[in-house]
Amino acid sequence: VEAALQELIDRQKIVHLLHEYCRGLDLMDLAVVEAVFSPDCVVDYGAKPGMRTESAEALIEGLRALMWRWVRTAHHVSNEQIWFESADAARAVSYVDAWHEFPDGTTTTLLGQYHDRLARTADGWRITHRRLLMAGSEGGWDVPNHRLERQAPPP
Amino acid sequence: VEAALQELIDRQKIVHLLHEYCRGLDLMDLAVVEAVFSPDCVVDYGAKPGMRTESAEALIEGLRALMWRWVRTAHHVSNEQIWFESADAARAVSYVDAWHEFPDGTTTTLLGQYHDRLARTADGWRITHRRLLMAGSEGGWDVPNHRLERQAPPP
Amino acid sequence: VEAALQELIDRQKIVHLLHEYCRGLDLMDLAVVEAVFSPDCVVDYGAKPGMRTESAEALIEGLRALMWRWVRTAHHVSNEQIWFESADAARAVSYVDAWHEFPDGTTTTLLGQYHDRLARTADGWRITHRRLLMAGSEGGWDVPNHRLERQAPPP
């Protein structure tokens, strides 16, 4: 396969991975979520203890503890962008609109960006580093995520 | 065309089809919507009589009856995933954020997933089976869609 | 590179451009935004003076004047569709869910479509014409954008 075709195939596989994360998480099928990450992945969702994990196992344990707080979620991902650093390493930015429903029926939505590093492993592309940056929220989002910062306004 | 390239082309055409559905429906250009489906498509939008149709013609008739209830809609589709079952058959999952405006200016939004089967026909890729699964909603959504179910919580 | 592969590469580059616009705008990194457009681009965001510009320079000046009204924005783009008119010219439609936060913490969201024309230039693909069409909004959106019109209802 020539290089240009291989790059398109890699892009497709990486975008598919970003979507697998959402599909698995919204089903609470955490085996699907775990398969998206390398075993030694570093994931940083925010400033509170437990929100930064240094293995897929710790990440899944954290999600299992956190996510049952809501009865349903829907992680809509868009604006997927990928930059290759080599044939086997890439960075990705994607936007997420993450809707969450509490047991009492109230809802809250996080708007943010995933900033990922990915590597081609023996098992295919995997996320090795993920950082979530919150642009904003609707409806009383209370998780202390890192903030996405605009450039400074003109003086 | 070699197989890997053909698969990327097919993926692009299928994603385009998922987007044509939204574009046609939001314009109420139902000829565009109809061209997305095979003549014998089975579409299941929910549990009420009329929400399951067994032909493109019946689907379009149902949409024509239903959609003028709102004065405007916007179907934002994301998280498109495709799995090929053969060179000529595929399954797809995509997320939808479907905003609807009533004549009185109030709005309601459905969050869900389309679960599709597609086939390559003489006219190109067409959806042959579609099932909508609702994750949740905002603003008083009152349509009895099927529900997307999470896996059972830990005991 | 054969034609079918080149078209897929072009599609990827154009979608990347649509996403660069959002990423740059949400960071208020207007150099990123400017690089998305041809120098002589015609951009029409609405019916008020200043909302239609005839150069990238005027567009950026307009965005710099407008966007600091909000403290944060998040432009989620989806439903990207591209039609080629020649090897070097294309039309694109994409959907946008554009969330905006005011300094007092209130938020408003525009739902709409970008209708673009693009050309392959010496610097790669660039948007040469952009028109924004508003499907609707949430939360007191007050910008006089052009409206997206459904087809006429049945008599």
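In what follows, every chain begins at residue 1, and chains take the letters A, B, ... in the order their sequences are listed.
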_Considering all heavy atoms, the nearest T73(A)-A135(B) contact_ = O-CB, 4.5 Å

*When only pairs under 4.5 Å are counted, which of H75(A), H19(A), R23(A) shares the most heavy-atom pairs with chain B?*
H19(A)

*asked:* Only pairs of heavy atoms separated by less than 4.5 Å count here; which of Q151(B), Q81(B), E7(B) has the most with chain A?
replied: Q81(B)

*Between R147(B) and R72(A), is any pair of side-chain heavy atoms under 4.5 Å apart?*
yes

*Relative to chain B, which segment of V71(A) carries a heavy atom at a distance below 4.5 Å: side chain, backbone, both, or neither?*
backbone

*Considering only heavy atoms, which portion of W68(A) lies under 4.5 Å from any heavy atom of chain B: side chain, backbone, both, or neither?*
both

*Who wins among R64(A), E101(A), E20(A) for the most heavy-atom pairs under 4.5 Å with chain B?*
E20(A)

_Greatest number of heavy atom pairs closer than 4.5 Å to chain A - which of V93(B), V96(B), V77(B)_ = V96(B)

*Do R150(B) and M67(A) come within less than 4.5 Å of each other through their side chains, counting heavy atoms only?*
yes

*Over all heavy atoms of both residues, which pair between I82(B) and H16(A) is shortest? Give the atoms and the distance, please.*
O-CE1, 4.2 Å

_side chain to side chain contact (heavy atoms under 4.5 Å, CB included) assessment of L27(A) paired with L148(B)_ = CA-CA 8 Å; L27(A) 293 175; L148(B) 181 73; 4.0 Å; yes

*Would you mind telling me which of D97(B), T109(B), L111(B) makes a side-chain contact (heavy atoms from CB on, under 4.5 Å) with W99(A)?*
L111(B)

*Quick one: of D26(A), V15(A), L8(A), L30(A), who has the most non-hydrogen atom pairs under 4.5 Å with chain B?*
D26(A)

*Mark yes when over 12 heavy atoms from residues, nucleotides or ligands other than E85(A) sit less than 6.0 Å from its CD; otherwise mark no.*
yes

*Considering only heavy atoms and a distance below 4.5 Å, find which of Q113(B), E149(B), E138(B) pairs most often with chain A.*
E138(B)

